[in-house]
2 protein chains.
Amino acid sequence: MRGYDKYAYEPFAVTVDLAVLTIRGGALHVLLVERGQEPYAGHWALPGGFLLPDESAETAARRELAEETGLSDVSGLHLEQLRTYSEPDRDPRMRVVSVAFTALLPDAPEPHGGGDAAQARWRPYDSAGPLAFDHDRILADAHDRVGAQLESSCLATAFCPPEFTLGELQQVYETVWGLGLDRPNFRRKVLATPGFVEPVPGAARLTGGRGKPAALYRAGTATVLHPPLLRPSREGRPA
Amino acid sequence: MRGYDKYAYEPFAVTVDLAVLTIRGGALHVLLVERGQEPYAGHWALPGGFLLPDESAETAARRELAEETGLSDVSGLHLEQLRTYSEPDRDPRMRVVSVAFTALLPDAPEPHGGGDAAQARWRPYDSAGPLAFDHDRILADAHDRVGAQLESSCLATAFCPPEFTLGELQQVYETVWGLGLDRPNFRRKVLATPGFVEPVPGAARLTGGRGKPAALYRAGTATVLHPPLLRPSREGRPA
DNA sequence: CTCTTTATAGTCGAGATGACTCTTAAAGGG
DNA sequence: CCCTTTAAGAGTCATCTCGACTATAAAGAG
């Protein structure tokens with residue numbers, strides 16, 4: 001806060017950018033909007049927008065999320081600050097500082113384009129880029145962060161509907177991490193972690209096709225995983 | 001980025017705030033500056049300042065760090081973005097969005113007050129508050145983040161001088177976590193993690209007092225701890 | 001009915017971890 | 001000079017965890 005009254009300070013435009021992730025058909029998807037104006041007209045970008053005068057970045061992010069996804073209730077969705085991007089040349093027109101957020105959605109309703117002309121669409125994460133501005137970097141950072149958080153938090157349930165099977169939960173891990181997990185071991189680990197999931201008493205769901213019906217679970221009260229659910233590392237031990 | 005040309009956007013003042021942490025005499029300390037002007041004149045605050053027109057937040061943070069600590073070379077110090085604070089009322093004078101950083105220092109030279117009149121001083125973390133603005137919250141968030149990062153990264157060496165003993169490294173963990181660790185187990189764990197530390201060939205240091213001289217180590221090349229060094233949880237297993 | 005598919009239960013060994021004990025090498029006091 | 005104190009570092013041992021794997025149960029397809 002030094003220099004408040006001593007030096008002139010530069011005014012900046014402040015925006016929020018959202019990396020909205022969901023899982024559709026076993027693949028990680030991200031919500032993108034098509035830009036209608038220069039620069040990057042016709043390119044895809046992460047949804048976002050300017051802070052209003054009386055909004056915090058969190059408030060603005062939640063407002064933008066509601067606008068872009070068309071969901072009526074975004075109050076329960078997982079929204080978390082990622083980091084702030086402030087390189088001087090990240091927007092060719094002017095100095096823009098952007099606070100990026102990650103949002104995780106359980107189901108994936110088609111976005112209805114928000115309130116303006118730009119169309120919005122779910123795109124597979126692997127074929128999302130190249131995006132406008134530095135959004136490729138933001139998206140990659142969001143993926144890294146979410147992948148790391150799956151290890152030590154109960155975040156995975158944010159990708160799942162209110163009631164889900166352990167198979168669905170496992171698919172969240174496999175999809176985000178991009179690798180397969182052993183089903184009995186995953187099950188043992190999840191059930192041994194108090195507060196991660198709690199069984200829905202009598203319910204079982206036909207998973208939509210063949211096979212034995214799976215028991216249903218709800219997200220538990222815990223937020224951190226103790227001990228963590230570590231993803232297998234490539235280098236086990238170079239003894 | 002929607003609405004760039006459609007809506008007016010509010011200009012914001014953008015600052016950086018720094019939670020500069022070090023360990024002095026077995027206690028966590030934080031660098032504070034005394035405010036000379038209203039609001040909060042006479043209160044202590046985290047060092048920080050406005051972004052210059054052509055600076056990224058990271059560049060500004062490193063510049064402020066050099067100014068506030070008086071260190072000639074801050075290029076090697078650990079500096080990391082924490083999060084951005086943007087509540088509309090966090091500064092009573094105007095709308096200020098602040099990007100907060102954590103910085104970790106090995107040794108603790110007395111700060112020489114920077115280039116302006118405000119005095120700067122190391123304060124014990126436990127008796128640091130109350131601070132100006134929302135800096136208590138920022139400082140607490142920084143402590144949480146650093147504590148969590150000690151578990152899964154090699155960050156602890158950032159608190160240590162270039163050559164250090166395992167006892168000193170352990171004290172970093174104990175100080176930040178606020179609990180005692182078993183020395184042989186800590187030693188075993190650190191040495192079993194490839195790339196965490198590497199021995200300085202023939203060197204041993206008289207630790208300054210009684211006891212067997214300890215071997216010296218340098219920070220290794222690894223950045224992540226696989227597997228992590230978990231802090232003991234209060235609830236071991238309520239079986 | 002039989003095969004396939006998916007959920008769930010159980011087994012087994014290697015590795016990691018927590019709680020200890022013991023030895024070694026220095027300083028300091030008498 | 002000897003003995004105590006202090007801290008480093010080596011080693012032990014039981015337990016827990018985890019990965020790999022096998023087996024059983026419950027559904028649909030043919």
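Numbered from 1 within each chain, the chains take letters A, B, ... in sequence-line order.
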Q) Does A:Lys189 place a side-chain N or O at less than 4.0 Å from the phosphate oxygens OP1/OP2 of D:dC18? A)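 For D:dC18, OP1 or OP2 has a side-chain N or O of A:Lys189 closer than 4.0 Å.
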For [X] and [N], give me the distance from atom [atom1] to atom [atom2], rounded to whole Å.
X	N	atom1	atom2	result
A:Arg183	C:dA7	CZ	P	4 Å
A:Leu179	D:dA20	CG	P	12 Å
A:Leu230	C:dG15	CG	P	17 Å
B:Leu166	D:dG9	CG	C1'	9 Å
B:Leu191	D:dA10	CG	P	8 Å
A:His226	C:dT17	NE2	C1'	15 Å
B:Arg187	C:dA16	CZ	P	18 Å
B:Leu181	C:dT17	CG	P	13 Å

Applying salt bridge (Lys or Arg N to Asp or Glu O under 4.0 Å), can you list everything that pairs with [X], at least two apart in sequence or on another chain?
X	value
A:Arg121	none
B:Arg123	none
A:Glu80	A:Arg145
B:Arg24	B:Glu110

Q. Between the main-chain N or O of A:Leu225 and the side-chain N or O of A:Thr193, is there a donor-acceptor pair closer than 3.5 Å?
A.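 Side chain of A:Thr193 to backbone of A:Leu225, a donor-acceptor pair under 3.5 Å: no, none is there.
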Q) Sequence neighbours excluded, which residues qualify as side chain to side chain donor-acceptor pair (under 3.5 Å) partners of B:Gln81? A)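 So B:Gln81 forms a side chain to side chain donor-acceptor pair (under 3.5 Å) with B:Glu58.
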Q: Kindly write out the residues that satisfy side chain to side chain donor-acceptor pair (under 3.5 Å) with B:Thr221, not counting sequence neighbours, or none if the list is empty.
A: none
Restricting to nitrogen or oxygen on both sides, can you table the protein-nucleotides 19-23 of chain C pairs closer than 3.5 Å?
from: C:dA19; atom 1: N7; to: B:Asn185; atom 2: ND2; distance (Å): 2.9
from: C:dA19; atom 1: N6; to: B:Asn185; atom 2: OD1; distance (Å): 3.2
from: C:dA19; atom 1: N6; to: B:Arg188; atom 2: NH2; distance (Å): 3.3

**Q.** Contact residues, residues 146-156 of chain B to DNA chain D [heavy atom, < 4.0 Å]
**A.** none
Q. Using the benzene-type ring in the case of Trp, are the ring centres of A:Tyr125 and A:His29 under 6.0 Å apart?
A.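 No; A:His29 has its ring centre 6.0 Å or more from that of A:Tyr125.
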Q: Could you note down all residue pairs passing side chain to side chain donor-acceptor pair (under 3.5 Å) where residues 174-184 of chain B supplies at least one of them, sequence neighbours left out?
A: B:Gln170-B:Glu174, B:Asp182-B:Asn185
